[in-house]
Structure formats: structure tokens, C-alpha cells
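Just below is one structure, and these are the notes that go with it.
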Amino acid sequence: MRDLFSDSVEICPGMVLLRDFADSAALQGELESVLMAAPLRRMQTSRGSYMSVQTSNCGQFGWLSDRQGYRYSDIDPLTGEPWPVMPVIFRQLAETAAELAGFPGFRPDACLINYYQPGTQMGAHQDRDESDCDAPIVSVSLGINARFFVLGSERRGSSIPVNLSDGDVLVFGGPARLFFHGVRKLKFSEHPRFGPVRWNLTFRKAL
DNA sequence: AAGTCCCC
DNA sequence: ACGA
């Protein structure tokens with residue numbers, strides 16, 4: 001497709017960062033529409049504690065966590081309705097980024113929306129609730145900067161730090177598909193359009 | 001364990 | 001470290 005895009009960095013084998021690849025303003029408008037139909041909520045973990053991030057979903061399937069554990073569902077438990085349709089520009093961005101990163105044919109059926117405010121963090125975890133781990137994960141950052149970190153196949157050990165800014169797209173697949181990763185406690189800063197918050201869109205092939 | 005707590 |  002477009003080998004024209006030069007501002008890409010290989011973080012580790014299977015993990016590619018496309019810097020400022022996404023049209024942040026265009027995604028922002030679609031995001032607002034999605035959230036009107038599927039509002040943000042705070043998910044509970046299986047042991048009863050709450051995640052600091054607030055989440056929603058769009059696409060055929062949405063990621064859920066509650067006392068039953070983690071899973072994908074085609075129904076939003078908050079509204080009882082199917083999740084909002086994945087906007088065309090969301091899907092096209094994810095497919096193009098995956099192809100550029102070396103994962104052609106990616107067709108996401110789920111988009112998890114994570115909302116971070118100052119103080120929000122995401123502990124080290126693996127994305128392992130998808131049936132097809134041959135498909136990569138495409139992660140789009142919007143709003144203020146965040147300090148992302150990557151471990152390996154084990155939770156312990158040293159991490160690779162990655163600064164993620166508005167419009168950055170991180171693709172991880174192949175050997176990095178099941179790597180532990182997370183987001184450090186978000187530091188206060190402001191973005192001209194989004195204000196003092198960060199959004200993350202992660203595209204997956206859930207089923 | 002996508003979190004919390006506790007000790008160095 | 002914990003117990004999933």
C-alpha cells in the first residue's frame with residue numbers, strides 16, 4: 001500500500017509504532033457519536049476491584065470484565081443493545097496500519113475504547129481473550145501523551161518504555177502479540193482539542 | 001493479576 | 001506475593 005509512510009519505529013520484533021499516523025480530529029467526531037449510544041463505564045475485575053480506566057466498545061463484539069471474568073459480547077450489558085457499528089474511518093485506519101506494519105488482511109470485529117484521566121493507569125496484562133491470536137492488535141492514541149511499557153511473554157523483568165502521543169498507532173502481532181504491556185499512571189497535561197484526557201482505541205479480531 | 005497490598 |  002503506502003510505503004510512503006516513513007515515521008515508523010520497530011519497538012521489538014512484531015511491534016511497530018506509526019507516529020502521528022491517525023487523523024485525530026476526524027476520529028474525535030466519530031468517537032463522540034459512538035459514546036452517545038454506548039456510554040463510558042468502569043469495569044469490575046473478577047476479584048471485585050475496579051479498573052481506573054473507563055471503557056466502551058464499538059463493532060460486532062465488545063470486551064467486558066465483571067465478576068465472571070473477561071470475555072467478548074455482542075450485546076452492551078449497560079443498554080441491552082448491540083454495540084454501535086464500528087465507524088468506517090476506524091476500520092480503515094486499523095486495516096491500513098496493520099498492513100503497513102506487516103500484517104495484511106486484518107479485519108477487526110471489535111474496538112475497545114479506553115478513557116484515561118490524570119491518575120488513570122493500566123497494569124501489566126496480556127490481550128488473550130481473542131480466539132484468533134494470528135491477528136494483530138492495533139492501538140490508536142488520542143489526546144494527551146502517555147507512557148506505555150512493554151514486557152515480554154512474562155510479567156516480570158525489564159520493560160521497554162514507549163511514549164505515545166496524539167495520532168500515534170501501535171501495531172503488535174506475531175512474536176509480540178501476547179506480550180505483557182500496560183500504561184503508567186497518566187500525568188496531567190492538556191491537548192488543544194481533547195483537553196486533559198487520553199483516549200485509546202484498540203482494534204481486535206475477537207472471534 | 002486489565003488489581004491490591006505489603007515490605008525493602 | 002497473591003490464586004487465577
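Proteins come first, then strands; the chains are lettered A, B, ... in the order of their sequence lines, and each starts at number 1.
- The CZ atom of A:Phe180 sits 11 Å away from the C1' atom of B:dA2 (whole-angstrom rounding).
- Residues that satisfy the side chain to side chain contact (heavy atoms under 4.5 Å, CB included) test with A:Pro175, not counting sequence neighbours, are A:Pro13.
- Residues A:Phe179 and A:Phe172 keep their aromatic ring centres 6.0 Å or farther apart.
- Separating the CZ atom of A:Arg42 from the C1' atom of B:dA2 is a distance of 13 Å, rounded to the nearest angstrom.
- Listed by chain and residue number, nothing satisfies the salt bridge (charged side-chain N to carboxylate O under 4.0 Å, His left out) test with A:Arg155 (two or more places apart in sequence, or in another chain).
- Distance, A:Phe149 CZ to B:dA2 C1': 10 Å, rounded to whole Å.
- In DNA chain C, no run of at least 3 Watson-Crick or G-U pairs (N1-N3 plus N6-O4 or O6-N4, or N1-O2 plus O6-N3, all under 3.5 Å) shows up, so the stem list is empty.
- With sequence neighbours excluded, the residues that form a side-chain hydrogen bond (donor to acceptor under 3.5 Å, both in side chains) with A:Asp166 are A:Ser24, A:His191.
- Residues passing the salt bridge (charged side-chain N to carboxylate O under 4.0 Å, His left out) test with A:Arg147, sequence neighbours excluded: none.
- Residues satisfying the salt bridge (charged side-chain N to carboxylate O under 4.0 Å, His left out) criterion with A:Glu190, sequence neighbours excluded, are absent altogether.
- For the pair A:Ile137 CD1 and B:dA2 P, the interatomic distance rounds to 14 Å; values are reported in whole Å.
- If you check every strand for non-hydrogen atoms under 4.0 Å, A:Ser46 touches sugar and phosphate atoms only.
- Rounded to an integer number of Å, the gap from CG of A:Leu178 to P of B:dA2 is 13 Å.
- Residues meeting the side chain to side chain contact (heavy atoms under 4.5 Å, CB included) test with A:Arg71, sequence neighbours left out: A:Leu64, A:Asp66, A:Gln68.
- If you take CH2 of A:Trp63 and P of B:dA2, they are 8 Å apart, rounded to a whole angstrom.
- Residues from residues 163-177 of chain A lying near DNA chain B, meaning a heavy-atom separation below 4.0 Å, are absent.
- Judged as a ring-ring contact (aromatic ring centres under 6.0 Å, His included), and not counting sequence neighbours, A:Tyr116 has no contacts.
- Applying the side-chain hydrogen bond (donor to acceptor under 3.5 Å, both in side chains) test to A:Asp129 and every residue at least two apart in sequence or in another chain returns A:Trp63.
- Rounded to whole Å, the distance from CZ on A:Arg71 to C1' on B:dA2 is 14 Å.
- Heavy atoms of A:Asn200 sit nowhere under 4.0 angstrom from any nucleic acid atom.
- For A:Arg193, the CZ atom sits in a packed shell: over 12 heavy atoms of surrounding residues, nucleotides or ligands are nearer than 6.0 Å.
- The separation between A:Arg156 atom CZ and C:dC2 atom C1' is 15 Å, rounded to whole Å.
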Using nucleotides 3-7 of chain B, report all nitrogen or oxygen pairs with the protein that are shorter than 3.5 Å.
{"from": "B:dG3", "atom 1": "OP2", "to": "A:Gly123", "atom 2": "N", "distance (Å)": "2.7"}
{"from": "B:dG3", "atom 1": "O3'", "to": "A:Ser49", "atom 2": "OG", "distance (Å)": "3.4"}

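- Legend: residues meeting ring-ring contact (aromatic ring centres under 6.0 Å, His included) with A:Phe61, ordered by chain and number and at least two apart, are absent.
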